[in-house]
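Reviewing the structure listed below.
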Protein chains: 2
Amino acid sequence: MEDYKDQETVLLAVDCIIFGFDKKNLKILLIKRDFEPEKGHWSLMGGFLKRNETLDDAAIRVLNHLTGLENVYMEQLRAYSALDRDPVERTVSVSYYALIDIPEHSALNGRFSAKWFNINEAPDLIFDHNVMVANAMSRLRYRASTKPIGFELLPEKFTMKQLQTLYETILGEKLDKRNFINKINALDILLKTEEKDMKSSRKGSYFYMFDQVKYNTKVSDGFTFKL
Amino acid sequence: MEDYKDQETVLLAVDCIIFGFDKKNLKILLIKRDFEPEKGHWSLMGGFLKRNETLDDAAIRVLNHLTGLENVYMEQLRAYSALDRDPVERTVSVSYYALIDIPEHSALNGRFSAKWFNINEAPDLIFDHNVMVANAMSRLRYRASTKPIGFELLPEKFTMKQLQTLYETILGEKLDKRNFINKINALDILLKTEEKDMKSSRKGSYFYMFDQVKYNTKVSDGFTFKL
DNA sequence: CCAAAAGTGTTATGGATACACCCATGA
DNA sequence: TCATGGGTGTATCCATAACACTTTTGG
């Protein structure tokens, strides 16, 4: 460790991998850059860190700026620091991923040309953003099996089918309907409502809600989510 | 994303959580600061990022500076950016952890008052270094069950007992001897040597080596380490 | 009455865990 | 010969995986 003064500095940025779910597909929110470098190409939404904010603050600000959303699930992933990752300036970037439910809040800031892409149909991205997305996916898969983050991607009320489809998309594999429902019910962290979703079938399917209070109680009693 | 010019800058540092194993205990290498702030207190070894190096480079440089070691297992953990985490200057720090085998290479750079502490007997550290260590431990536990990192902490030749003790220390729980050996043997990634360690008992116990080549082959054939 | 999705339990399998005795050797 | 740590196999249990038919209701 050396003296603080006269240390070399670099720019520090955050980039957000914004995942969304529209009851069918896992998607990612990208913006079309209207400035150089790489103008016209797709990229993650990002921004520079300000002196009076933490990286978490910066990520929250960037996400809010684009989507208007607050209180979104976000998690820091890691720092990227290749010397030439940004051709303009030496910039180190810390990536964050966010999970949001698409249909309920889709008032995107018109200042940016933002668009939702199915996760497997996303275009090539600038700089090292493709790697960031790949790493985010792998973290998302891991998290999905250790914390009930799936519910962040769903509306307040959702059907078992939607929940299963979400997990299938995240994990990238088909799941058995009965085993999935048995497992979820065994966790005992859902509330079954009286309401039914009549849009999906003639019979209709019950809506469930995530019981955050019960979950928190169970966790503090030593329960650990495992799917 | 805004213009690059006139962005606010912060100092960017790396801090290394250096884990070691001396065939009995999991230890951590700390230095006693001989400069302000917090002179005389224990801390992680760290350093500022230079403009012409990546964060990985910086972590490797810092580790090498203290221990003289090269080709050490290191992994980036995460960035810490609380506004007041460093009282002198606004500094964002990226933590790395390293795994080294203690006895074989213990020529520490005398310029630093460095000392190995048992992981559970380490002193209070400056700034947010306690949190960094706690997070590193939890990552170490996770990694130990998904990748064969344990071998980084052992000498080239080691006994089953040493390997088991290492895993017990990392995981923080006693393991059954027969089950552990069965599991390790089932993985089929060790080479049993003809040599015996005669220091530990009258009967002596066989030395094993990690078969890196076999492991790599198995991994590229779809094998995943799981303990 | 038919099509389409919802809802519901049991069996089989395999991995994880618990467990105790003999062996080799130096002193 | 004895004390010390090394080395070895099997039975049980539990969690996971496989699997098919009935229900509801709008058209």
Side-chain angles (χ1 to χ4, degrees), chain A residues 23-25 141-142 144-146 154-155 157-209 218 222-227, chain B residues 23-25 141-142 144-146 154-155 157-209 218 222-227:
Chain A
K23 299 198 182 70
K24 278 295 270 285
N25 296 295
R141 265 191 292 273
Y142 171 63
S145 61
T146 56
L154 288 169
K157 293 174 184 179
F158 50 86
T159 66
M160 276 290 179
K161 184 68 186 301
Q162 288 164 9
L163 185 62
Q164 183 180 343
T165 305
L166 171 57
Y167 272 91
E168 285 177 341
T169 325
I170 293 177
L171 301 175
E173 55 183 332
K174 282 279 165 201
L175 301 174
D176 178 88
K177 179 169 58 163
R178 279 177 291 186
N179 290 341
F180 181 79
I181 293 174
N182 289 159
K183 230 179 211 172
I184 294 289
N185 283 336
L187 292 173
D188 187 29
I189 52 176
L190 291 192
L191 278 171
K192 186 176 191 171
T193 70
E194 300 290 303
E195 280 175 87
K196 280 188 164 191
D197 174 16
M198 299 309 295
K199 276 176 253 148
S200 63
S201 73
R202 311 201 190 289
K203 188 180 178 182
S205 56
Y206 284 105
F207 279 120
Y208 289 79
M209 298 172 68
K218 294 190 74 162
F223 168 81
T224 50
F225 181 92
K226 185 86 205 341
L227 203 86
Chain B
K23 300 199 182 70
K24 278 295 272 284
N25 296 295
R141 266 191 292 272
Y142 171 63
S145 61
T146 56
L154 289 169
K157 294 175 183 178
F158 50 86
T159 66
M160 276 291 180
K161 185 68 187 301
Q162 287 163 10
L163 185 61
Q164 183 179 344
T165 305
L166 171 57
Y167 272 91
E168 285 177 340
T169 324
I170 293 177
L171 301 175
E173 55 184 331
K174 282 279 165 200
L175 301 173
D176 178 88
K177 178 171 57 164
R178 278 178 291 187
N179 290 341
F180 181 78
I181 293 174
N182 288 159
K183 230 180 211 172
I184 294 288
N185 284 335
L187 292 173
D188 187 30
I189 52 176
L190 290 193
L191 278 171
K192 186 176 191 169
T193 70
E194 300 289 303
E195 280 174 86
K196 282 188 163 192
D197 175 16
M198 299 308 296
K199 276 177 252 146
S200 63
S201 73
R202 311 201 191 286
K203 187 181 178 182
S205 55
Y206 285 104
F207 279 120
Y208 289 79
M209 298 174 69
K218 295 190 73 162
F223 167 81
T224 50
F225 181 92
K226 186 87 204 343
L227 204 85

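From a predicted model like this one, the values you see are computed outputs, not experimental measurements. Note on naming: letters A, B, ... go to the chains in the order of the sequence lines (proteins, then strands), and numbering restarts at 1 for each one.
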- Message: Tell me whether A:K218 forms a cation-pi arrangement with A:F223, defined as NZ or CZ under 6.0 Å from the six-membered ring centre and within 45 degrees of its axis.
- Response: yes
- Heavy atoms of A:L187 and A:K226 approach each other most closely as CD2-O, 4.0 Å
- Message: Within the 4.0 Å limit for protein heavy atoms, which parts of nucleotides 11-16 of chain D are touched? Write it as a string from 5' to 3', B for base, S for sugar-phosphate only, - for none.
- Response: ------
- Base, backbone or nothing for each nucleotide of nucleotides 3-11 of chain C, written B, S, -, heavy atoms under 4.0 angstrom, 5' to 3'? B-BBBBB--
- Find the distance B:Q164:CD to D:dT8:P and express it as a whole number of Å. 14 Å
- Do you know the tightest heavy-atom contact between B:M160 and B:Y208? CG-CE1, 3.6 Å
- Go through the steps for B:I189 and B:I184 under the test side chain to side chain contact (heavy atoms under 4.5 Å, CB included), then give the verdict. CA-CA 8 Å; B:I189 52 176; B:I184 294 288; 5.9 Å; no
- Item | Charged tip of B:K196 within 45° of B:Y206 ring normal and under 6.0 Å | yes
- Is any side-chain heavy atom of A:L166 closer than 4.5 Å to a side-chain heavy atom of A:F158? no
- Query: For the side chain to side chain contact (heavy atoms under 4.5 Å, CB included) test, which of B:M198, B:K203, B:K199 pairs with B:S201?
  - Reply: B:K203
- Task: Taking all non-hydrogen atoms of both residues into account, name the closest pair between A:D197 and A:Q162 and its distance.
- Result: OD2-NE2, 3.9 Å
- Item | Atom-pair distance (CZ on B:F207; P on D:dG7), nearest Å | 11 Å
- Task: Calculate the interatomic distance between B:E173 atom CD and C:dA16 atom P; express it in whole Å.
- Result: 14 Å
